[in-house]
Amino acid sequence: MTEFRRIGGRIGAEYTGADPNDLPFDEVNDALLAHKVLVFRGAGLDDEGQLRFAARFGELTRAHPTVPSVDGQPDILPVNGEEGIRSNNWHTDVTFVRTPPKLSTLRALVVPPYGGNTLIANSAAAYRDLPEQLRDFADRLWAVHTNDYDYAVPRSNTEKALEYRKVFTARRYRTVHPVVRVHPETGERGLFIGGFAQEIVGLSGTESRDVLRLLQRYVTRPENIVRVAWNPGDLVLFDNRITQHYAPDDYGDLPRVLHRVTVAGDVPVGVDGGSSRILEGDDAGHYTPAAEAAAA
């Protein structure tokens with residue numbers, strides 16, 4: 001029997017007893033837009049089932065612009081929590097390209113007996129929390145996002161960690177996005193920043209860091225966050241256009257393996273109607289076919 005319940009006051013809902021591919025698409029999509037994150041407990045999907053589910057929402061991206069995919073699965077990114085290359089940094093997936101993913105799916109294969117959760121934050125709630133004067137200020141800002149910063153700096157000097165850094169930055173991308181993005185389906189405004197946002201257009205480095213830290217603190221307020229404690233076979237779907245996420249590095253040298261599949265997105269649009277633009281790098285057409293259409 002399928003059960004559905006909210007799991008957070010501002011973000012997150014959970015399905016139990018359901019194969020995600022058997023649920024009506026409109027029901028799932030409406031729930032996603034309302035709750036930003038959906039957890040499917042014990043979904044029991046394999047790689048093909050995850051790909052099929054994600055493809056219900058649109059064309060899939062490749063696994064990543066620079067990082068290799070799972071062998072034989074060009075659209076699946078292995079998320080392997082090896083020491084030194086863990087993503088314990090608040091971010092929205094792949095915002096360093098002009099067309100970041102619309103949605104992300106994560107499926108748990110191996111999880112540690114403790115720790116290894118995923119935190120996901122509601123950036124629309126964060127925007128609504130801003131004082132009016134700060135919202136007006138943020139509405140006018142644009143930020144430069146890049147993959148070449150300390151997100152990819154290894155936290156150990158192992159050969160594998162250093163190689164990961166080299167691969168992650170093999171192609172350098174710098175893209176300007178609105179700090180406040182208008183959601184293309186709901187019209188909600190959300191803070192579109194996170195770890196890849198490294199500077200504010202028109203401000204110095206010091207000023208940029210201060211402004212981004214101020215806005216980011218609203219995103220990561222506890223009331224805007226849901227914590228997903230994984231079980232093998234669980235599937236999580238989140239709206240990459242209006243959330244950030246973080247994987248705490250709190251499980252030592254224990255194994256943690258997830259598979260990620262992302263859905264191609266559109267070009268972000270700001271409050272003034274302006275669209276994101278490339279500063280450095282290409283349109284990442286090898287990663288998301290949507291980029292080719294957007295640039296045409």
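Just so it is clear, the values below take in all heavy atoms, side chains as well, and ignore hydrogens, waters and symmetry mates. Heads up: numbering here begins at 1 and tracks the sequence.
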Looking at [X] and [Y], would you say the former's side chain and the latter's main chain have a donor-acceptor pair under 3.5 Å?
X      : Y      : answer
Arg135 : Leu130 : yes
Gln198 : Gly195 : yes
Arg140 : Asp136 : yes
Asn80  : Val257 : no
Thr288 : Ala284 : no
Asn224 : Arg10  : no
Thr92  : Ile242 : no
Asn240 : Asp93  : yes

List the atom pairs, with distances to 0.1 Å, where a side-chain N or O of residues 175-192 and a protein N or O form a donor-acceptor pair under 3.5 Å, not counting sequence neighbours.
| residue | atom | partner | partner atom | Å |
| --- | --- | --- | --- | --- |
| Thr175 | OG1 | Phe96 | O | 2.6 |
| His177 | ND1 | Ser276 | OG | 2.6 |
| His177 | NE2 | Thr95 | O | 2.7 |
| His177 | NE2 | Val97 | O | 3.1 |
| Arg181 | NH2 | Asp266 | OD1 | 2.9 |
| His183 | ND1 | Glu185 | N | 3.0 |
| His183 | ND1 | Thr186 | N | 3.3 |
| His183 | NE2 | Asp239 | OD2 | 2.7 |
| His183 | NE2 | Arg241 | NE | 3.4 |
| His183 | NE2 | Arg241 | NH2 | 3.4 |
| Glu185 | OE2 | Arg241 | NH1 | 3.0 |
| Glu185 | OE2 | Arg241 | NH2 | 3.0 |
| Thr186 | OG1 | Glu188 | N | 3.2 |
| Thr186 | OG1 | Glu188 | OE1 | 3.3 |
| Glu188 | OE1 | Lys36 | NZ | 3.2 |
| Glu188 | OE2 | Arg128 | NH1 | 3.3 |
| Arg189 | NH1 | Tyr127 | OH | 3.2 |
| Arg189 | NH1 | Asp139 | OD2 | 3.1 |

Pairwise distance [atom1]([X]) to [atom2]([Y]) - rounded to 0.5 angstrom:
X      : Y      : atom1 : atom2 : result
Leu203 : Leu212 : CG    : CG    : 8.5 Å
Leu32  : Phe57  : CG    : CZ    : 6.0 Å
Ile11  : Ile225 : CD1   : CD1   : 8.5 Å
Glu199 : Glu207 : CD    : CD    : 12.0 Å
Asp46  : Leu109 : CG    : CG    : 10.0 Å
Thr16  : Arg41  : OG1   : CZ    : 9.5 Å

Hey, quick one: are [X] and [Y] part of the same hydrophobic cluster, counting side-chain heavy atoms closer than 4.5 Å, chains of contacts allowed?
X      : Y      : value
Leu60  : Val70  : yes
Leu141 : Tyr218 : yes
Ile278 : Trp142 : no
Val39  : Val226 : yes
Ile76  : Val79  : no

With heavy-atom distances below 4.5 Å as the criterion, would you say the side chains of [X] and [Y] are in contact?
X      : Y      : answer
Ser69  : His64  : no
Pro20  : Leu235 : yes
Ile193 : Gln244 : yes
Pro248 : Asn88  : no
Asn117 : Asp250 : no
Tyr287 : Thr66  : no
Asp22  : Thr2   : no
His245 : Ile120 : yes

* Would Arg62 and His286 count as a side chain to side chain contact (heavy atoms under 4.5 Å, CB included) if you check the C-alpha gap in whole Å, the side-chain angles of each, and the deciding distance to 0.1 Å? -> CA-CA 7 Å; Arg62 302 290 85 156; His286 68 289; 5.8 Å; no
* To do: Please state whether the rings of Phe196 and His91 are parallel, tilted or perpendicular, taking 30° and 60° as the class boundaries.
  =>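 Phe196 and His91: perpendicular rings.
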* **Steps toward side chain to side chain contact (heavy atoms under 4.5 Å, CB included) verdict (Leu215, Val219)** => CA-CA 7 Å; Leu215 296 175; Val219 177; over 6 Å; no
* To do: Examine the side chains of Tyr173 and Asp282 and answer whether a donor and an acceptor come within less than 3.5 Å of each other.
  =>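 The answer is yes; a qualifying pair exists.
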* Asked: Salt bridge between Arg107 and Asp234, side-chain N to carboxylate O under 4.0 Å?
  ->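 Result for this pair is no, no salt bridge flagged.
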* To do: List the steps, then state whether side chain to side chain contact (heavy atoms under 4.5 Å, CB included) holds for Tyr251 with Val111.
  => CA-CA 10 Å; Tyr251 51 98; Val111 297; over 6 Å; no
* ring-ring contact (aromatic ring centres under 6.0 Å, His included): which pairs involve residues 1-24, sequence neighbours left out? ->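 Of all non-adjacent pairs touching residues 1-24, those that pass ring-ring contact (aromatic ring centres under 6.0 Å, His included) are Phe4-Tyr15, Phe4-His35, Tyr15-Phe40.
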* Shortest non-hydrogen contact between Leu254 and Pro113, atoms and distance ->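 Shortest heavy-atom separation between Leu254 and Pro113 comes out as CD1-CD, 3.7 Å.
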* To do: Would you name the heavy atoms of Val269 and Ser275 that are closest together and state the gap between them?
  =>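 Of all heavy-atom pairs spanning Val269 and Ser275, the closest is CG2-OG, 4.0 Å.
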* Over 12 non-hydrogen atoms of neighbours within 6.0 angstrom of CG in Asn231 ->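 Atom CG in Asn231 is crowded, with more than 12 foreign heavy atoms closer than 6.0 Å.
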* Hey, mind stepping through Thr118 and Val236 against side chain to side chain contact (heavy atoms under 4.5 Å, CB included) and telling me if it holds? -> CA-CA 10 Å; Thr118 296; Val236 170; over 6 Å; no
